[in-house]
Amino acid sequence: MKFNIDGKLFQQQLTAVNKVINSKNALSILDNFLFELNGSELTITGSDQENVVTAHIEVLDTDGYGSVAVPAKTLLEITKEINNQPVTFSLNDTTGEIDMEFLNGKFRFMGINADEFPRGEESEEGLSLVLPGAIVLKAIEKTVYAVSQENIRPIMTGIYWDIQEEDIVFVASDTHKLVRYTVKDIKPGFSRGFIMPSKPANILKGIIGKEDTVTIKIGEKGASFSFGDFSLTCRFIKGNYPNYNRVIPADNPFSVVADRQSMLNAMRRVAIFASKASNLVKMELRDGYIRLAAQDLDYGTSAEEKVLCDYRGNDMTIGFNSVFTVEILNNMGGESAVIKLSDPARPGVFLPLEQEPGTELVTIQMPMQVID
């Protein structure tokens, strides 16, 4: 088994596949890449048992065929030092030794029998969907930050894909905040829902290109995503996702419109002085401005700042977790942010003043108790 490959391309593909490999694995074989050479195509696979990432590369001057597991950490360190030099990769089928030759030298290390590498499950027959990479990328970016980090309720640790005949809704929530991102320009023609874990979602976010076309095959237990030179398969999170529409207030009569970046910057500054236990920042809403205020009684510190706004409603003071508010505003996009409210005990609805064409983004955040 022998082939030549550009060093920079080699490193890029290895880095992408490495995103799926855990720093600590129950099976030591999962610390490796699986290389498979078939004709002029090299397939590089990484796995954590739940998710599998595969890269396909056209290589030159091939000799023979076969497969071998290669230590991922060693190979990544080697390719970082080679940079853009061409590389010749050779496997001795008898001894298992691997030689990597480049312009000024050679590395030698041992490969591992490829038979030890766990193979993914056979692809399930199911539904198929083709989406532009830009849409998948945007949907993950708008929602993945809101998934729960707690494993008490596993179904909340992923992104819910609610595929309907006329649109696709992406939802994420940690019970403190909820994001609903609707893509209206896509008409799947069928109904299906699944919960995608946050890890494969983040992997996709890191390797999908905006110009890619993503082919999604949806089975009963998992899905595969194919795009460009890559493919990713993942298992779904089992369970039924809660009725997300029920928790989004239908009628919040009071609305605030403010410059999103000004609001975000002010919230970040005031949050520095919020209690580290609660991260509470009070919003005092008045005609023409929002007064943000925070204090930490343990350290005797406090801060306040005014942000100009267009507010239509009764004077109100409501508390929000500043960490969540910063995340929401930072991921919202657009020039102006709208906050719709009804009273200090009910959720606030955050949305951009102007929605991106063909989409709708709605975020809610649960309020915190304010004690004056």
Side-chain angles (χ1 to χ4, degrees), residues 3 5-6 8-38 41-59 67-80 89 111-112 114 116-124 126 128-131 133 136-137 139-141 144 147 157-159 161 194-219 221-237:
F3 60 85
I5 188 170
D6 175 77
K8 184 176 181 180
L9 173 63
F10 200 25
Q11 182 188 358
Q12 289 174 341
Q13 304 297 74
L14 292 173
T15 300
V17 174
N18 188 61
K19 293 179 184 293
V20 78
I21 298 178
N22 292 328
S23 57
K24 294 183 180 180
N25 291 292
L27 299 176
S28 60
I29 189 65
L30 296 178
D31 295 331
N32 298 268
F33 296 118
L34 175 64
F35 280 18
E36 298 174 287
L37 183 65
N38 185 8
E41 182 180 81
L42 173 67
T43 301
I44 304 173
T45 302
S47 173
D48 65 0
Q49 291 189 289
E50 296 288 329
N51 310 287
V52 179
V53 176
T54 301
H56 303 276
I57 313 172
E58 290 294 320
V59 292
S67 58
V68 64
V70 185
K73 184 177 180 180
T74 300
L75 197 56
L76 284 168
E77 290 176 346
I78 290 173
T79 54
K80 285 179 182 178
F89 183 101
I112 301 171
E116 298 181 28
F117 200 91
R119 303 288 174 166
E121 297 180 1
E122 293 293 325
S123 299
E124 305 171 80
S128 183
L129 181 65
V130 178
L131 296 176
V136 178
L137 185 61
I140 294 173
E141 288 175 343
V144 72
V147 302
T157 63
I159 299 173
W161 292 52
F194 62 85
I195 307 171
M196 182 182 193
S198 59
K199 179 178 178 178
N202 277 309
I203 292 172
L204 282 180
K205 188 176 75 168
I207 60 179
I208 281 182
K210 292 183 179 180
E211 304 302 320
D212 286 335
T213 297
V214 183
T215 301
I216 308 170
K217 294 184 178 179
I218 308 167
K221 297 180 181 179
S224 66
F225 300 77
S226 301
F227 50 95
D229 297 327
F230 297 97
S231 64
L232 178 147
T233 61
C234 70
R235 294 181 187 175
F236 300 146
I237 297 174

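A heavy-atom distance below 4.5 Å is not found between the side chains of Ser67 and Phe117. Looking only at side-chain heavy atoms (C-beta outward), Leu204 and Phe227 come within less than 4.5 Å of each other. Counting only heavy atoms from C-beta outward, the side chains of Ile112 and Ile29 approach each other to under 4.5 Å. Taking 4.5 Å as the limit, every side-chain heavy atom of Gln11 sits out of range of all side-chain heavy atoms of Leu14.
With values rounded to the nearest 0.5 angstrom, Phe236 atom CZ is found 12.5 Å from Glu50 atom CD.
Close placement of the Phe89 and Phe35 rings is indicated, their centers lying within 6.0 Å of each other.
With Asn202 contributing its side chain and Ser198 its backbone, the two residues share a donor-acceptor pair below 3.5 Å. Thr79 places a side-chain N or O within donor-acceptor distance of the main-chain N or O of Leu76, the cut-off being under 3.5 Å. In this structure, Asn25 contributes its side chain and Leu27 its backbone to no donor-acceptor pair below 3.5 Å. For Asn38 (side chain) and Glu41 (main-chain N/O), no donor-acceptor pair under 3.5 Å exists by modelled atom type.
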* Should Val17 and Thr45 be marked as a side-chain contact (heavy atoms from CB on, under 4.5 Å) after you check the CA-CA gap, both sets of side-chain angles, and the distance that decides it? -> CA-CA 7 Å; Val17 174; Thr45 302; 5.8 Å; no
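Taking Asn22 as the reference, Lys199 meet the side chain to side chain donor-acceptor pair (under 3.5 Å) condition, with sequence neighbours excluded.
Closest of all the heavy-atom pairs between Asn51 and Pro200 is OD1-CG, 3.5 Å.
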Review item, side-chain donor-acceptor pairs of residues 205-215, under 3.5 Å, at least two apart:
{"unit_1": "Asp212", "atom_1": "OD2", "unit_2": "Gly209", "atom_2": "N", "d": "2.8"}

